[in-house]
Visitor: 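The following block contains the structure, expressed as structure tokens.
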Amino acid sequence: MPQSSISAPVAALAVVCSPLVSAAREPGLSEAHCEAVKQTILNWTQVLLKNDFDTWRGYWCEEALQMAPHLKRLIGLTAMERLFKNKAHCDHRLFELTDWAVTGRGELAIATNQLTWADVCGETQTVKQVIVLRGTQEDGWKVVALSFGEVKAGSGFTF
């Protein structure tokens, strides 16, 4: 039987959602854990501004999923690394993260925020992000999935 074209996203979501079963029995994240999640995202943003992919990749799970507007869905760090190495984007010079919300249970956290960036190509854009992270005592918080869409005046949030 031929594989469906959605098999890769379904597999990626299975990885993202696997902690949900055990997390449902755990208490919610403490304020300190929520701050650690936020700090992880802020740190990863700073190394992205420096185009330091080697450090940036340390903030992601190997099987991570990234879905961005106007770009092909990326599954795994190898695909993300190709995007960076091929300079398929303009270098960013500014990231501003506002309107934060962080929640979670056990080893699963979900963060949302509004991201405004400016790049060296002269473009400024504002998007909403949804970031799913998995945390362990050994590795701290790592991004499992990132999805974001554009904010369009009068029409809300689009993917």
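All residue numbers in this chain count up from 1 along the given sequence. These numbers come from the heavy atoms of this one structure, side chains and all, not from hydrogens, waters or symmetry mates.
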Visitor: Taking C-beta and beyond as the side chain, do R57 and E81 meet within less than 4.5 Å on heavy atoms?
Guide: yes
Visitor: Donor-acceptor check, side chain of K128 to backbone of L115, threshold 3.5 angstrom: yes or no?
Guide: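 Checking the backbone N and O of L115 against the side chain of K128, no donor-acceptor pair under 3.5 Å is found.
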Visitor: Run the side chain to side chain contact (heavy atoms under 4.5 Å, CB included) check on E31 and C34 step by step: do they pass?
Guide: CA-CA 5 Å; E31 190 173 317; C34 289; 5.6 Å; no
Visitor: Tell me, with the steps shown, if K142 and E107 meet salt bridge (Lys or Arg N to Asp or Glu O under 4.0 Å).
Guide: CA-CA 10 Å; K142 291 194 176 218; E107 64 180 31; over 6 Å; no
Visitor: Starting from the C-alpha separation in whole Å, work towards a yes-or-no answer on side chain to side chain contact (heavy atoms under 4.5 Å, CB included) for L133 and V144.
Guide: CA-CA 5 Å; L133 302 96; V144 175; 5.8 Å; no
Visitor: Rounded to the nearest 0.5 Å, how far does CG of L97 lie from OG1 of T112?
Guide: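 Reported to 0.5 Å precision, the distance equals 11.0 Å.
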Visitor: Rounded to the nearest 0.5 Å, how far apart are CD of Q39 and OG1 of T45?
Guide: 10.0 Å
Visitor: Using the side chain to side chain contact (heavy atoms under 4.5 Å, CB included) rule, take L65 and M67 through it: C-alpha gap first, then chi angles, then the decisive distance, then the call.
Guide: CA-CA 7 Å; L65 169 68; M67 296 179 296; 4.2 Å; yes
Visitor: Would you say that Y59 contacts N43 through its side chain, given a criterion of any heavy-atom pair below 4.5 Å between the two side chains?
Guide: yes
Visitor: CG/N113 to CD/Q129 distance, rounded to the nearest 0.5 angstrom?
Guide: 4.5 Å
Visitor: Should D54 and W56 count as side-chain neighbours, where that means a heavy-atom distance under 4.5 Å?
Guide: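 They are not in side-chain contact.
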Visitor: At their closest point, which heavy atom of L77 faces which heavy atom of F53, and how far apart are they?
Guide: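 The pair with the smallest heavy-atom distance is O-CZ, 4.0 Å.
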Visitor: Nearest 0.5 Å, please: how far is CH2 in W141 from NE2 in H33?
Guide: 6.5 Å
Visitor: Where do A79 and I75 come nearest, in terms of heavy atoms and distance?
Guide: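 Scanning both residues, the minimum pair turns out to be CB-O, 3.7 Å.
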Visitor: Heavy atoms, side chains only, cut-off 4.5 Å: are V143 and V132 in contact?
Guide: no
Visitor: Report yes if some heavy atom in the side chain of W100 is under 4.5 Å from a heavy atom in the side chain of Q114; otherwise report no.
Guide: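 W100 does not reach Q114 side chain to side chain.
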Visitor: My understanding is that only one of M80, K72, R73 makes a side-chain contact (heavy atoms from CB on, under 4.5 Å) with Q66; could you say which?
Guide: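 Only one of M80, K72, R73 forms a side-chain contact (heavy atoms from CB on, under 4.5 Å) with Q66, namely M80.
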Visitor: Show, in sequence, the C-alpha distance, side-chain angles and deciding distance for I131 and W44, and conclude whether the side chain to side chain contact (heavy atoms under 4.5 Å, CB included) test is met.
Guide: CA-CA 12 Å; I131 306 152; W44 130 51; 4.0 Å; yes
